[in-house]
Amino acid sequence: MLAPILVLFLAAYVLPLGGLVADSFQREGDFTFANHTALLESRAFRIILWRTLTLSFVVTLICLLIAYPLAYVLARLPSRWAAGLLLLVSVPYVTSILIRSYAWVVLLANNGVVNKLLLASGLVDEPLKLAFNETGTYIGMVHVQLPLMVFPLYAAMHRIDRSLLAAARNLGSTAASAFWHIFLPLSLPGVASGCTLVFLSCLGFYVTPALLGGPGQYMLAQGITVRVLTLADFAGAAAQATVLLLVVVLLFVALRRRFAAGLGIESTGRSGRTTAARGLRAWPAPLEAAIEVLSGPLRALGSMLSIVGGPVVAVLAVLALLFLIVPLLMVIPLAFSDSPYLTFPPPGYSLRWFKTFLANARWLDAAGFSLGAAGIGAVVSLIVGIPAAFAVVRRPMMGRLPLYLLLISPLIVPHVIVALAMYFSMARVQLIGTPLAFVIAYALIGAPYVFVLFVAGLLRFDRSLEMAAANLGATPVTVLRTVTLPLLLPTLAAALLFAFIIGFDDVVFGLFLAGTNATPLPIRMWDDIRLEISPQIAVVAVLLFAALALAYAAYLALGLLGDRRSRMPGGGPIA
Amino acid sequence: MSDSNQTGAAVAVRGLCKSYGNVQAVNDVTIEIGRSEFVALLGPSGSGKSTILMSIAGFETPSKGDILLDGRRINEQPPHSRGIGMVFQKYALFPHLTVAENIAYPLRRRGLARAEIARETSRALEMVRLTGYGARYPSQLSGGEQQRVALARALVFHPPVLLMDEPLGALDRKLRQRMQIEIKMLHREIGTTIIFVTHDQEEALSMADRIAVLDHGRLQQIGAPRELYDMPANAFVADFIGETNLLDVEVVESGAIQTTVKLLGSAAGFRCGPSDRPVGRKQRLGIRPEHVEIVDAEEGIGATVIETAYGGATTNLLLEIGTQRLAARVQVQRAHGLWSVGDKVRVRLNADTCRLYDS
Ligand SMILES: Nc1ncnc2c1ncn2[C@@H]1O[C@H](COP(=O)(O)OP(=O)(O)OP(=O)(O)O)[C@@H](O)[C@H]1O
Ligand SMILES: [Mg+2]
């Protein structure tokens with residue numbers, strides 16, 4: 001059951017990455033450290049590395065400060081409401097990163113919406129420089145990463161038993177002190193998870209800094225890309241990628257227990273401990289210290305939250321939600337603009353940009369290519385990911401933990417590194433610029449999503465249902481067909497959706513692997529955004545939103561099919 | 001189902017051992033169960049009851065020993081072809097299927113014709129008094145209704161043996177008692193062999209023909225409820241089935257007619273039935289509270305009342321003799337004048353009701 005995923009990982013991931021690291025130790029065929037020493041001696045590289053680390057850290061901190069009140073409010077809402085708002089939070093997460101960055105360009109550019117408002121209100125005399133510099137990068141990155149922070153925070157806070165707070169109040173705590181001594185410590189595991197995710201994800205970020213950042217203010221991922229695609233300095237790029245890979249792998253290994261928490265291995269035998277204690281024990285000492293530092297501002301915030309009370313927190317939460325959603329909404333009217341230029345609000349409305357889109361074979365070809373490659377890639381990732389999840393959850397085996405970590409690692413290792421490694425290894429077999437290259441790449445980045453979702457689904461699965469089926473006369477295959485798979489239908493739907501979106505939205509692999517016969521839609525958009533900012537992208541965005549809404553409706557329908565038991569009208573209580 | 005001419009099958013568990021790593025979950029257990037018998041597996045948590053049941057159903061492979069169905073060894077037979085019915089602890093109803101579909105599930109696996117499936121299904125629903133509930137989903141049923149659906153599903157294909165793993169554990173007391181009676185009546189009606197796991201001794205006593213008492217993976221005793229109650233094989237069974245006082249005593253004299261023991265921590269002596277235990281051996285003397293007699297005369301042994309509890313038709317007393325405590329349950333009409341804490345009373349233990357156990 002593990003063979004398919006191992007073949008995929010070996011061919012498209014492990015061996016290429018190994019080759020990349022090996023390449024970084026080569027110069028004219030000899031083994032050498034020269035590439036690395038050159039790198040470390042290069043002032044430019046040190047600046048880039050430092051910029052990448054500090055930017056990732058600061059973005060993580062800002063995300064935490066914005067997400068905490070939002071998650072706090074969401075966790076207090078009735079779960080029906082919270083689910084709806086979480087859906088809103090997730091919209092940006094599944095929206096193409098290009099579109100999100102484009103939206104911020106529209107908002108932040110010198111003649112953008114924000115500056116227009118500021119000028120009109122007389123608050124400033126000349127436009128503020130909000131985009132194409134560090135400010136732009138920060139704003140864009142925070143927007144992109146915020147959902148990654150909200151979800152784990154919400155999950156942790158949602159689990160906190162509110163009666164603990166009531167008990168603390170009852171025992172004489174003030175509201176502030178109850179928050180401070182009870183709620184905050186219990187929410188720390190969520191803080192830790194969110195910070196880890198956001199920080200690691202920031203390290204390898206490419207699109208947002210490239211579009212919203214200033215010229216020359218590279219982060220590592222851009223540095224690597226430029227080195228290969230512009231300067232053709234392969235050894236240098238390999239060395240840079242190796243350094244970034246090393247940083248990520250070290251963090252990954254240090255935090256392996258936190259990542260493996262999803263496997264449920266750690267939870268056995270510790271059931272008596274509180275979530276907070278369990279979460280914190282998974283942290284190595286230096287990170288615990290870091291969390292301590294991080295929680296400084298949090299504590300201040302927390303005291304404020306509980307002293308000033310509900311209204312302020314609610315306002316902060318609403319602002320955070322608006323920050324997430326409004327930029328995306330701005331894009332929609334732009335698509336119907338009748339102006340050849342990007343002006344907001346549009347001077348008039350028409351369908352001219354839809355017409356140019358539909359009349360342009362290059363756009364249509366790219367869209368068709370992306371649909372096909374991402375679709376096939378998603379199906380392949382289901383085919384390899386599902387059996388792997390079954391094997392890891394249900395087969396007794398040696399080395400389950402390392403295997404699990406390997407299979408989820410593409411979620412953490414920056415795509416730019418994997419893309420570069422694929423670029424080198426696929427060049428050797430002349431796959432660059434072919435549809436097959438994209439299917440392989442999309443299957444590889446989709447498979448971890450499928451795997452993780454199914455591991456979670458299977459761990460939640462009540463095995464006695466399968467035993468009952470067998471006891472009632474079902475052969476193992478029939479058990480799978482009549483019980484296991486029907487009940488995992490919602491998981492299947494989610495896995496398919498995620499695997500598809502991750503491929504469909506990809507820019508980085510496109511940059512490395514595209515050719516004349518294989519140009520995915522995001523690369524078309526990328527070129528378009530870089531050449532001229534026109535309302536054309538807004539049209540694509542609107543079409544993508546519509547597609548996303550359709551996909552989501554399909555997901556809900558599929559989920560409903562497998563889940564009708566809990567949605568039947570007048571459902572009675574479950575014993 | 002009532003017209004089913006199928007009677008139960010005999011089940012034998014012989015020398016069953018099952019270990020997980022170094023945990024010995026079941027240790028050399030042998031139980032022979034006759035056709036249409038109702039046997040309860042009773043024991044504290046972790047005593048190996050579920051493991052035995054799972055071995056019979058085929059979900060655990062024995063480390064050692066055999067499982068026999070009507071004399072045929074079925075160790076290697078996969079669960080789906082054993083044809084043994086089972087009710088799971090939390091019912092394991094398929095949430096994505098309706099009640100009727102749940103009940104039809106085993107029939108469809110056996111390739112029955114559509115019409116026959118419909119007929120059998122509605123008959124099974126009738127049997128558990130759930131006619132009209134067929135179109136509902138399990139989540140739309142109460143706990144007791146879910147329990148009955150599970151029962152119908154396990155019985156609809158006329159299995160010769162029905163296994164039940166704490167099937168009433170999730171129900172409230174009233175409902176549990178009603179279901180106990182319903183299951184007993186059903187058993188009499190259809191004659192399936194039933195093996196019923198529980199850790200509730202009252203449930204086992206009131207339902208089963210025979211009870212197998214387990215502790216730490218070992219069979220402690222198997223027998224009819226009366227037998228276990230009146231003649232427990234060891235202190236564990238005595239304590240587990242009903243209530244028992246276990247007093248620390250030392251053998252003073254033993255023989256073919258009677259054994260005399262001395263209560264440790266006091267000068268009091270008691271007589272028990274015949275035994276060959278050597279003089280000086282430490283023993284535990286077991287006596288049930290209802291067998292402790294309070295007497296007026298000078299004949300008994302002096303004790304002090306340290307707690308009393310009103311129990312309707314009986315009064316419960318906690319007595320102290322020397323350093324040891326003794327619970328007594330006394331019929332109220334004989335309790336002329338109620339005792340209060342601190343009263344001195346005299347007690348007598350009838351030799352027939354005292355049993356000695358190795359400590
Ligand atoms: N899969 C397993 N792996 C390891 N140990 C197990 C496993 N299943 C059972 N055990 C151990 O075997 C022993 C017997 O377990 P079993 O489930 O049979 O007990 P039980 O009598 O059914 O208890 P309960 O009343 O709690 O259900 C226990 O100590 C349990 O921890
Ligand atoms: Mg059990």
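In what follows, every chain begins at residue 1, and chains take the letters A, B, ... in the order their sequences are listed.
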Counting only heavy atoms closer than 4.5 Å, note whether L163(B) contacts chain A via side chain, backbone, both or neither.
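For L163(B), there is no contact with chain A at all, as no heavy atom is under 4.5 Å.
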Please determine which of T482(A), L487(A), L465(A) meets the side chain to side chain contact (heavy atoms under 4.5 Å, CB included) test together with F94(B).
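By the side chain to side chain contact (heavy atoms under 4.5 Å, CB included) criterion, F94(B) pairs with just one of T482(A), L487(A), L465(A): L465(A).
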Might you confirm whether atom CE of M397(A) has over 12 heavy atoms from other residues, nucleotides or ligands at distances under 6.0 Å?
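For M397(A), atom CE is crowded (more than 12 foreign heavy atoms under 6.0 Å).
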Give, as side chain, backbone, both or neither, the part of D462(A) having an atom under 4.5 angstrom from any heavy atom of chain B.
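When you check distances to chain B, no heavy atom of D462(A) falls under 4.5 Å.
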Within a strict 4.5 Å, meaning less than it, do heavy atoms of the H80(B) and P476(A) side chains meet?
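They are in contact (side-chain heavy atoms under 4.5 Å apart), so the answer is yes.
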Can you list the residues that meet the side chain to side chain contact (heavy atoms under 4.5 Å, CB included) rule with L68(B), with sequence neighbours excluded?
A12(B), R14(B), D66(B)
Can you check whether anything in residues 104-119 of chain B gets within less than 4.5 Å of chain A, heavy-atom wise, and list it by number?
Y105(B), P106(B), R109(B), R110(B)
Between CE of M86(B) and CG of N471(A), what distance do you get to the nearest 0.5 Å?
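Interatomic distance, M86(B) CE to N471(A) CG, rounded to 0.5 Å: 6.5 Å.
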